[in-house]
Structures are given as structure tokens and as C-alpha cells.
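What follows is one structure encoded as C-alpha cells, with my remarks underneath.
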Amino acid sequence: MPLNDQQRARLEKIRELRARGIDPYPPRATRTVTTSEAIERFLRLEPTLGGEPDPEPVTVAGRVVSIRDMGRTVFSHVRDGTGALQLYLRRESVGDEPLAWFKRYIDLNDFVEADGHLFRTRTGEVSIQVTAVRLLSKAVNPPPDKWHGLTDVETRYRQRYVDLMTNPETREIFRIRAQVIRAIRRYLDERGFLEVETPTLQPIYGGAAARPFTTYYHALDQTFYLRISDELYLKRLIVGGYERVYEICKDFRNEGIDARHNPEFTMLEFYVAYADYRDIMDMCEELIVFAARQALGTLQVPWGSQRIDLTPPWPRLTLREAILRYTGIDFLEVTDQPTLYARARELGADVRPDTVWPRILDELLKTFVRPNLIQPTFLYDYPVALSPLAKRKPEDPRLVERFQLFVGGLELANAYSELNDPLDQLYRFLEQARDRARGDEEAMPIDEDYINALMYGMPPTGGFGLGIDRLVMLLTNRQTIREVILFPQLRSKPEPLGLAEDLRPYLDLVPGVQESLPTGDSSPTNAE
RNA sequence: GGGCCGCUAGCUCAACUGGUAGAGCAGCUGACUCUUAAUCAGCGGGUUGGGGGUUCGAGUCCCUCGCGGCCUACCA
């Protein structure tokens, strides 16, 4: 795709600037205040200025986001990381030549810095009366539509930098995301947790049921897996004697991509010795309330056309009660597959005659229960078959001490009293191995080292996992996980942008470059 | 994996049953001493996602490929 007229015009301006001895990419800026500091400063001083400009000069810097040329006067807004400020370039104060230079060479998206005096325009906007202006960085590409911005979702994800520079809502999402994560760390740090880092590349994957990404480690001559979970490592640390550990990390699951799933996603897991799943439930509620307060300042969050109230306490009901309520089926009574299958079919669930009992149950949960759980709700006490790492309930060994948190119809968190009996753990692994042999690709492999760790003794422990991306979806009212991930996974475009060839004629503009280089293959990984 | 929808200028969008591809913004040239979606006059800008087919004629119909979105399947 050849360069367009706007790109060519800007490149020619770079040529002319270089010819005039002006570096379009100088190494340093000299700003003295941010735009928001400048405005605060002026508002503070204004009462003492008697309508005159602030005599103390300041220097601001930023991206040029608007230019209004009035002839002998030019108005322009520059935006930096804190806000925006209007430049007022007047011939009498900036000078004839510099004004003409600005009009000739400065375009939207360029970075500039301006010296001048703060004042208020006749229309009431705090601005800077510019005495000198310098180019900090020349932009070759123009911005998208100034009124509609960039709306094409594919481009917004592929070129997130353009999305961020044009759409303030996008910038806000990732600001909130950072605050959520900061709040989570603060909550845990203040309660004596140790933040740890465990392997991303694992020789045996575990801790969840999912297909892993596989890679090859040449130095070790061995296949490795990108972690699908850090659970088994964190529990080894509990065995080692730490009482409270947590990790916030990327997990990788080689499965479908949709509105709620990205193949790499951010997970919080924490483990607390001498706690059980009820203690964890309390902490979960407290943690999310804390994060929402810190990031949003409120517990009332809009969710599509609905509204979610995070005010605790949140309802807690057993999985049995929930499924009974929405389907009329009591899974503790209907324990055989044929009957459960028949009942599920009556309700219209998408199950097949060979669907195993726990899967039918999961289908009921997904189809009939989950969509109704808009307000935060804990479901607890799950069948053992669904939870190979959770401890059985002493009063009913068919169930495990496990809960999940649902909000806005999203599965947000998953937790249990950790299974610390090495023999039972081995039994569960063997069950998984059996399912695996039957073709369940997502059943967990046996991790004997983990059994060995449990044989050294693990205290009663409560564990917790939270999907950070989904929590951010909830708190920013986004229905798609891609909206809360800076660079979501997309299929590569088959053809490169072609810039290597298009920009070639301009390479003489690089200072000191004589020799011409061959055009590199810009995307070797996309070769068919 | 399956189904449906989409892809037109740098951006946001038009173009009836097939009949000369347009507008706004952005750009370029010029005017203008407080504008803020500045305004006014003029000008340029397109492989209509790629390829093929039908037709006198295709943005439009058909086939195919690519990318994206939604739904679905899978994801305890």
C-alpha cells in the first residue's frame, strides 16, 4: 500500500526541516510544567494578576491535537499525559518568522514544546501566550477523524496506539485496570502476603483443565508447556512453610477465543494456610469491594442495561440450591447419568446421550443458572468429579469444599479448601488419567512431584483464583475481554504493511546514512 | 469447527432493482487579529479486502481466499 498524500507531504516537511538545519527528532525536551500543572498554577495566581498574563514563563510540551489558523493568530491545543492546554500564537509575541514556520511545518500529531505566559482568553480558556515554539517529534501519520475518532474495532486492537491517542475511554479503561491491580496488591500486602514468582515454562502443566501451549527448550532438550495455572507451584510454597503467598501472572490456555476468553489472560491466585473456603469467601468479598472502591470510588456499577450492586454481604447458596432453583433438578438425588440426561433434555439443554454426568451438571449451571447471576453471588459445594484439587466435605464425600463467584453472568473467581491428603490427591490424579485415556484432552496429567510435596505435609489451606481481566470488564462495563487487554490476540494479516518498501526513498533523511540496505523480509513468520 | 453479518479515500460514512464511485473531517493553495467540530473560496486524493466468473456494463450478482464482528461449539 503506497504512502498517501498526507504522509508524503509530512515526509517532505521533514526533508525541508533537515535542509534548514532543524532536527525533527531532537534528543531532549525542556518542559517545566505539565499542562495540568500549568492550569493549576494559573488558577492559583490569577487573583493576583489583575487580568494580566503570568509574568513567569513556563514551558509545556505535548502532542498537537488541534490547530485553528486565524491569520495573524493561531490557536492550537497540545495534549500531554495529564491533560491539554491551548497555545495562543500571536504574531506580536511569538514573532513573524516563527509563526510562519509553525503554520508551514507543524501538523496534527506532531509533538512540540512552547515557552510562554499563562493567561485567560477572552472566551475564558486558560491558555499560554507563546513566545517560542519548537518541534519535538514530527509525525508522519495523520490522526483519524477528529470528531468520530477511530471506531473500527480491528484497527483499534491491532494498532492500539492509535486507539489510545484518539479515544479517551480506552485510556480510562487501562487506568482503571492498573488501579484494580494496585488495589489487589495493596490489599494482600497489607495482610502479610508474600508476592512470589513461579515458572511460566513448566515441564508438567497442571492446576486447571485446559489444553496447553507447547514449546521446546533447546538447552534442556525437552518439551515445556506455558503454564495454564500456577496453582501447584503456589501450594508447594505453602508446603515449604510460607503461610500466605500470592502471584499475579499470565496464564495461557490453548483454546477458543471469544468475548470472555483470551488465550493469555491475567490471573490472581493466593493461598492462605490455616484457612478454609469459607474464610476465603469472606476475603474474596472484601478484596473485590476494596478494589472497586479504590478504582471507581463506588460499589454501584453499570453493566449493559443493568446495574450491579457490589455492596456486601453477597448471597451465598449451594450449587445444589442454585440448580434446584433454576431447573428443578436436585443433583444429589439424580445421581445416575441416564436420568440426569433425560431431565436435562426435557429442559432443552444441549447435551448428548454420552455426555458424562459432571458435564451435564456443568451444562445446567452454564445454561440455566449463570445467566441469572447478575448480582454478585457465591455458589458453593461442588461435586468432587469437577474438582480434582479440592478437599472433600467431611459430611458428604461426594462434594468438595469449593466455591465460585458469579457477577454479571461472568465466572469471576474460583476457590476451595485445598486437598492436602497425598493419597486422595493421587486418587484424583488417577481419575484424571483415566479420563485422559478416554480422550479428555483437558484432564490433568499426574504430577508426582506434587504428590511428593504433599507427602511432606501441607497445612489446611484455602486457595483462591480470580480472573483479573473479567474483573476489569465488570468494573469498566465492557462486554468483551479484548476491550480490557491492551494487545488482544488477533490473527496476523497475511500481507505486511509494506512500509519497508514505501519509506525506502526517504532513508536519505536519516543523518549520516550513505549506504543503502536490502529490503528485509518484514514478516518471516507469516510466510506460507 | 459450523452459521450469519461486515470490509468503499488517511478517518467516519453514502452510493435504489447492475448503468460515469460521492460527502464530512483530515490534506494542499489562498483569505482572515480571541478561535475551540473556527469560518470562507478553490484543488487534489480510490486496485470499492485479494483473486476469479457472469454481463454490453459489477462497489452491487456468483465462486473462492483473507481479515474482523456476532452467535454457536469447545473452554470442570
Side-chain angles (χ1 to χ4, degrees), chain A residues 1-10 12-13 65-77 84-93 99 103-104 107-109 119-125 127 129 139-159 162 166 207-211 228 253-263 265 319 350 352 356-363 365-366 382-390 400 402 404 411 414 416 428 431-432 435 440-444 479-480 482 488 490-495 526 528:
Chain A
M1 188 191 284
L3 299 175
N4 64 50
D5 55 340
Q6 305 190 49
Q7 294 170 316
R8 287 196 305 271
R10 287 163 179 245
E12 284 311 317
K13 288 178 186 180
V65 294
S66 69
I67 299 174
R68 291 174 295 284
D69 180 357
M70 311 291 298
R72 292 165 73 176
T73 323
V74 174
F75 291 90
S76 172
H77 277 94
L85 183 69
Q86 180 169 255
L87 307 185
Y88 177 54
L89 295 108
R90 191 193 168 120
R91 190 154 80 182
E92 286 72 21
S93 68
L99 184 63
K103 291 200 215 181
R104 174 77 189 89
D107 294 300
L108 296 178
N109 265 2
F119 78 114
R120 192 181 283 277
T121 63
R122 251 175 246 166
T123 49
E125 179 168 347
S127 306
Q129 180 151 349
V140 177
N141 289 331
D145 190 279
K146 81 171 167 190
W147 193 237
H148 303 95
L150 179 67
T151 62
D152 180 75
V153 293
E154 183 176 352
T155 311
R156 286 186 47 238
Y157 298 154
R158 284 191 197 280
Q159 304 183 23
V162 184
T166 46
R211 239 168 63 186
I228 59 173
R253 298 187 183 173
N254 204 341
E255 288 167 348
I257 302 176
D258 63 30
R260 291 176 192 77
H261 299 86
N262 194 63
F265 62 101
L319 182 64
D350 180 21
R352 286 180 299 274
V356 294
W357 186 89
R359 268 239 193 282
I360 298 175
L361 197 65
D362 193 44
E363 185 66 26
L365 171 61
K366 195 164 58 177
Y382 281 62
V384 63
L386 293 173
S387 320
L389 301 167
V400 292
R402 172 182 178 192
Q404 290 190 303
E411 180 194 323
N414 184 25
Y416 27 84
R428 309 286 190 87
E431 278 183 324
Q432 292 287 308
D435 293 347
D440 184 351
E441 275 188 88
E442 283 159 354
M444 288 181 204
Q479 313 298 316
T480 305
R482 288 182 287 269
L490 295 181
R491 200 185 295 271
S492 300
K493 282 286 194 185
E495 290 170 16
N526 291 337
E528 284 287 323

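Quick note: numbers below take in every heavy atom, side chains included, and nothing from hydrogens, waters or symmetry partners. In what follows, chains carry the letters A, B, and so on, assigned in the order in which the sequence lines appear, proteins first and then strands, with residues in each chain numbered from 1.
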query = P atom, G1(B) versus C25(B): distance in rounded Å?
reply = 44 Å

ask   = Would the Y88(A) and F119(A) ring centres measure less than 6.0 Å apart?
value = yes

ask   = How long is the line joining CD of Q7(A) and P of C11(B), in whole Å?
value = 10 Å

request  = When you get a sec, tell me which of C34(B), U35(B), C11(B) is the closest nucleotide to the side chain of R90(A)?
outcome  = C34(B)

task = Name the closest nucleotide to the K146(A) side chain, picking from G69(B), C75(B), C25(B).
result = C25(B)

inquiry  = When the C1' atoms of C43(B) and G49(B) are compared, how many Å lie between them, rounded to an integer?
reply    = 29 Å

inquiry  = Measuring only between side-chain heavy atoms, which start at C-beta, is L365(A) closer than 4.5 Å to L319(A)?
reply    = yes

request  = State whether the distance check finds a donor on one side and an acceptor on the other, under 3.5 Å, for side chain Q86(A) versus base U35(B).
outcome  = yes

query = For G68(B), does either OP1 or OP2 sit under 4.0 Å from a side-chain N or O belonging to R491(A)?
reply = yes

message = Side chain of R158(A) only, heavy atoms from C-beta on: which candidate in C67(B), C74(B), U33(B) is closest?
response = C67(B)

ask   = Q6(A) has a side chain; which of G69(B), C75(B), G27(B) sits nearest to it?
value = G27(B)

inquiry  = Quick check on C28(B): is either OP1 or OP2 less than 4.0 Å from any side-chain nitrogen or oxygen of K13(A)?
reply    = yes

key: Rounded distance in Å between the C1' positions of G30(B) and U8(B)   = 31 Å

ask   = Hey, does the side-chain of T121(A) have a donor or acceptor N/O within less than 3.5 Å of a partner on the base of U35(B)?
value = yes

query = Would you call E12(A) and R8(A) a salt bridge, taking side-chain N to carboxylate O under 4.0 Å as the test?
reply = no

request  = Name the nucleic acid region contacted by F265(A), choosing base, sugar-phosphate or nothing; use a 4.0 angstrom heavy-atom cut-off, strictly under.
outcome  = nothing

request  = Rounded to whole angstrom, note down the C1' distance from C62(B) over to G24(B).
outcome  = 35 Å

Phosphate OP1/OP2 of U35(B) contacted by R68(A) side-chain N/O (<4.0 Å) = no

query = When the distance from NE2 of H261(A) to C1' of C74(B) is rounded to whole Å, what number comes out?
reply = 9 Å

query = Expressed in angstrom and rounded to an integer, what is the separation of L386(A) atom CG from C75(B) atom C1'?
reply = 13 Å

inquiry  = Going by side-chain hydrogen bond (donor to acceptor under 3.5 Å, both in side chains), S127(A) matches just one of Q86(A), H77(A), R120(A). Which one?
reply    = Q86(A)

request  = Select one nucleotide: of U35(B), G44(B), C67(B), the one nearest the side-chain heavy atoms of D5(A).
outcome  = G44(B)

key: Of the listed nucleotides C13(B), C28(B), A76(B), the one nearest the side chain of D107(A)   = C28(B)

key: Residue pair R104(A) / K13(A): nearest heavy atoms and the distance that separates them   = O-CE, 3.5 Å

note = Closest to the side chain of D258(A), out of C11(B), U33(B), A73(B), is A73(B)

A23(B) pairs with, by Watson-Crick or G-U criteria that keep both distances under 3.5 Å = U12(B)

inquiry  = If you only use heavy atoms from C-beta on, which nucleotide in C75(B), A38(B), C70(B) is closest to the side chain of T480(A)?
reply    = C70(B)

remark   = Ranking U36(B), C32(B), A37(B) by distance to the side chain of D69(A), first place goes to C32(B)

ask   = Can you find a donor-acceptor N/O pair under 3.5 angstrom joining the side chain of D145(A) to the base of G24(B)?
value = yes

task = Confirm from the modelled atom types if T123(A) and U35(B) form a donor-acceptor pair under 3.5 Å, side chain to base only.
result = yes

message = Say we look at U20(B) and U54(B): how far apart would their P atoms be, to the nearest angstrom?
response = 22 Å

inquiry  = If you compare every side-chain N and O of R211(A) against the phosphate oxygens of A76(B) (OP1, OP2), does one of them come in below 4.0 Å?
reply    = no

